[in-house]
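See below for the structure under consideration.
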Number of protein chains: 2
Amino acid sequence: MTGAERPRRRGPYAKTAARREQIIDEAYRLFSLKGYHASSLRDVATAAGMSQSNLQHHFAGKEELLLAVLARRDELRGGDLPGDEGASFERHIVAQAKANESVPGLIALYSVLAAEATTEGHPARDYFLERYETLQAEYTAEFEALRRAGRLRDGVDPAIAATTVVALWEGIQLRWLYTPDAIDASATLRAYLELVLTA
Amino acid sequence: MTGAERPRRRGPYAKTAARREQIIDEAYRLFSLKGYHASSLRDVATAAGMSQSNLQHHFAGKEELLLAVLARRDELRGGDLPGDEGASFERHIVAQAKANESVPGLIALYSVLAAEATTEGHPARDYFLERYETLQAEYTAEFEALRRAGRLRDGVDPAIAATTVVALWEGIQLRWLYTPDAIDASATLRAYLELVLTA
DNA sequence: GTCTATACGATGATAGAC
DNA sequence: GTCTATCATCGTATAGAC
């Protein structure tokens, strides 16, 4: 019970954390490549160089692994657009949509999960509920700021515009997954923003 | 080989057809309620009052059953809006979106499948590819007609408007599945149409 | 043609030894 | 922390009764 007997916190914990990161890396890669349902825990475990049971020692179930992958996705997404702090709202959105085209597997994963998770009791349901709430609040604030700047077209409701941008974005990405050559996601988003904003 | 020896076509075939309809009914109900992946063939078979093996005598695999359910969906959808032949394009879309709110399970099924089917080799992929192509052509033609009538706002591309309506529609339905009380799907669609159309 | 019974490989999950 | 062993359930396939 003395302090000397207590293991150093950076020891085993660091290894466990590293092991978790390693698993998430492989799960992220496989989920993005083949999809969530098509990837088995044994596949992920083998890719990470361990047994399936050992993987489940770090992640209680496939659901928990899925949530970890989604969290990883958000981290990576934040780094997609370095140095656009001063960029305008519409430029930010269009640029982000453009950047998404470089990770189709990730978009596919996100789209499928967003639809799957509508089911009551789905492990990722809370994730998407929170995400939509955050996006709705952020975008509504942006459109309200634009209205104060006199750049929002008369008669346009900021909240409805925010809902429209989010819904249109997800819908257009789905279309893009089917026919990437026939759909220009960022251009379609830009067209809506140009319709709703002035000068 | 004579005509007299040939069995009456309405006999066994009629029973088979009825059996198929019965299976589709239950599959439709379960898929809408719990989703495609979460519903097993054994569940569907039990609900239809038969063994799983017998179900597979009528439908070679789960994929074939899925396509039959999708076809059933289109039949039901056609009857959702009786007598709107003379309705305008925007009224038709808004009314259809409104009608969809009465069948949430159906919307959930459609949304999940639309995302799932982006995967290469998914049984429903061709269904959605065809559907999107048809909708894109129909809506583009509608917007072009509106432009000829002088009702399309200057600078709006009919094809992009068509893509936007389809994408926005699917995206807004997804949002509606999460928070039905917070999202007014038909009002959001109407807002876009009012933005892009005049008088 | 219609149906039941049975078995196969793969999956997500769990228990317990070391 | 890592493993082997085991389990119920999944989609699928086949054999055979009526």
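Letters go in sequence order (proteins before strands), and every chain restarts at 1.
Side chain of R125(A) to backbone of T118(A): a donor-acceptor contact under 3.5 angstrom is found. Distance alone, capped at 3.5 Å, is enough to place a donor-acceptor pair between the Q136(A) side chain and the A159(A) backbone. The closest donor-acceptor contact from the side chain of Y139(A) to the backbone of T164(A) lies at 3.5 Å or more, if one exists at all.
No option in E170(B), Q173(B), R73(B) other than E170(B) meets the side chain to side chain donor-acceptor pair (under 3.5 Å) test with Y110(B).
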Apply side chain to side chain contact (heavy atoms under 4.5 Å, CB included) to the pair L66(B) and Y36(B), showing each step before the final yes or no. CA-CA 8 Å; L66(B) 168 60; Y36(B) 175 65; 3.8 Å; yes

Side chain to side chain donor-acceptor pair (under 3.5 Å), that's the test. Do E116(B) and H37(B) meet it? Break it down for me. CA-CA 10 Å; E116(B) 253 182 25; H37(B) 276 114; 2.5 Å; yes

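Of the N and O atoms on the side chains of D43(B) and S40(B), at least one donor lies less than 3.5 Å from an acceptor on the other residue. In this structure, a donor-acceptor pair under 3.5 Å is absent between the side chains of Q22(A) and E26(A).
One finds a side-chain N or O of S51(A) lying less than 4.0 angstrom from the OP1 or OP2 phosphate oxygen of dC3(D). Here R19(B) does not reach the OP1 or OP2 of dG1(C): none of its side-chain N or O atoms lies under 4.0 Å away. The side chain of N54(A) contributes no N or O atom lying less than 4.0 Å from OP1 or OP2 of dG1(D).
Counting heavy-atom neighbours within 6.0 Å of K98(A) NZ, excluding the residue itself, gives a total of 12 or less. The 12-atom threshold is not exceeded at CD of E133(B), counting heavy atoms of other residues, nucleotides or ligands nearer than 6.0 Å.
Rounded to a whole Å, the CG atom of L65(A) is 10 Å from the P atom of dG12(C). dG11(D) atom C1' lies 12 Å from atom CZ of F31(B), rounded to whole Å. At whole-Å resolution of the value, CG in L55(B) and C1' in dA5(C) are 16 Å apart. Straight-line distance from the CG atom of L66(A) to the P atom of dG12(C): 12 Å, rounded to whole Å. Regarding M50(B), its CE atom lies at a distance of 17 Å from the P atom of dG1(C), rounded to whole Å. If you take OH of Y36(A) and C1' of dT11(C), they are 12 Å apart, rounded to a whole angstrom.
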Pairs: protein N or O with nucleotides 14-18 of chain C N or O, under 3.5 Å:
residue : atom : partner : partner atom : Å
dT14(C) : O4   : S53(A)  : OG           : 3.1

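Annotation: side chain of F59(B) is not in contact with side chain of V44(B) (no heavy-atom distance under 4.5 Å).
Residues of residues 37-46 of chain A that place a heavy atom closer than 4.0 Å to DNA chain C, in numerical order, are S39(A), S40(A), L41(A), R42(A). Residues from residues 20-30 of chain B placing a heavy atom under 4.0 Å of any atom in DNA chain D do not occur.
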